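One structure is given below, encoded as structure tokens.
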Amino acid sequence: MIGEEWAIEVEDLTVMYGDRPALWDVDWRVPRGVRMAVVGPNGAGKTTLLRALMGLVRPVSGSITLFGHPPAEVRRRVGYVPQRTAVDWDFPATVLDVVLMGRYAHLGWFRRPGPADRERALEALAQVGMDHLADRQIGELSVGQQQRVFVARALAQDADLYLMDEPFAGVDAVTEQALVAVLQRLQEAGRTVVVVHHDLQTVPAYFDWVTLLNVRCVASGPVAQAFTVENLRRTYQGAVAGLPVALL
């Protein structure tokens, strides 16, 4: 498969922070329509990989294509959910204001959202169970509620590819299950979802594809093939705490 049949194609990608490689010679392909988890130890380059796909960091070498095109040409087709720590939660905006930001990919920066955009934003909030808090200030919400709002912002973009950086981090059980349901619905609609994920126990239940990353790509493929004890030990460089019960 080539071009449009791959949601993401990465070849020989290297990203450096000073003299330290964050990613080294990474070759990686993601088929369209999968739910992909990206797992690995702290400092493995998981966030850097997503940021490189978004054009937020400049690679030293290598190439990236999304749906067969350079990322800059298809940016409106990509929805991005950053880590909570990258967000200024004191910014004076309502929940609905934040979700409407997802519509700017379609509007451009010089057009204001109209009634149809507001309706789509409210629909996205309803998908994550947050439409009843549309007028609340974003900083007043709980961690789980804030995470749902940022997922709704990505949903409002109506993208073909969703990149999410640890959306399950620090959320309550209710929010976690709500987010899992969102991922399932996106896949059923033919969307591609790539999620940086930290809980190895839930990978087989929440995802059908997995990438194991530690600066280099150790393994990538369907969970049944790539998510093995051997690959996990190679990724985490030794004993792995919290191995899924199914692998023991």
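Values in this document were obtained by computation on a predicted structure and should not be read as measured data.
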Walk me through whether D208 and Q187 qualify under side-chain contact (heavy atoms from CB on, under 4.5 Å). CA-CA 10 Å; D208 55 354; Q187 185 179 34; 2.6 Å; yes

Would F207 and F227 count as a close aromatic pair, with their ring centres under 6.0 Å? no

E11 atom CD, over 12 foreign heavy atoms within 6.0 Å: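 Incorrect, the count does not exceed 12.
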
Quick check: are there more than 12 heavy atoms from other residues, nucleotides or ligands sitting under 6.0 Å from CZ of R216? yes

Within the structure provided, determine whether [X] and [Y] are in side-chain contact (heavy-atom separation under 4.5 Å).
{"X": "W28", "Y": "L53", "result": "yes"}
{"X": "V196", "Y": "Q83", "result": "no"}
{"X": "N214", "Y": "Y236", "result": "no"}

Co-membership, hydrophobic cluster, residues V60 and I64, 4.5 Å side-chain: no

State plainly whether one hydrophobic cluster holds both V39 and V215, where clusters connect Ile, Leu, Val, Met, Phe, Trp and Tyr through side-chain heavy atoms under 4.5 angstrom apart.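 No.
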
If you look at every heavy atom in Q127 and R185, which pair is closest and at what distance? O-NH2, 2.8 Å

What heavy-atom pair brings T211 and C217 nearest, and what distance separates the two atoms?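 What the structure gives for the nearest pair is CG2-SG, 4.0 Å.
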
Within this structure, what is the [atom1]-[atom2] distance for the pair [X] and [Y], rounded to the nearest 0.5 Å?
{"X": "Q201", "Y": "Y206", "atom1": "CD", "atom2": "OH", "value": "11.0 Å"}
{"X": "Y80", "Y": "R51", "atom1": "OH", "atom2": "CZ", "value": "5.5 Å"}
{"X": "Y162", "Y": "L183", "atom1": "OH", "atom2": "CG", "value": "11.0 Å"}

Applied to residues 15-27, the side chain to side chain donor-acceptor pair (under 3.5 Å) test, sequence neighbours excluded, yields Y17-T48

Candidate list V171, V174, V182, test side-chain contact (heavy atoms from CB on, under 4.5 Å), partner R148, passing option: V174

Do Q147 and T175 get their side chains close enough for a donor-acceptor pair, meaning under 3.5 Å?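 No, no side-chain donor-acceptor contact under 3.5 Å.
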
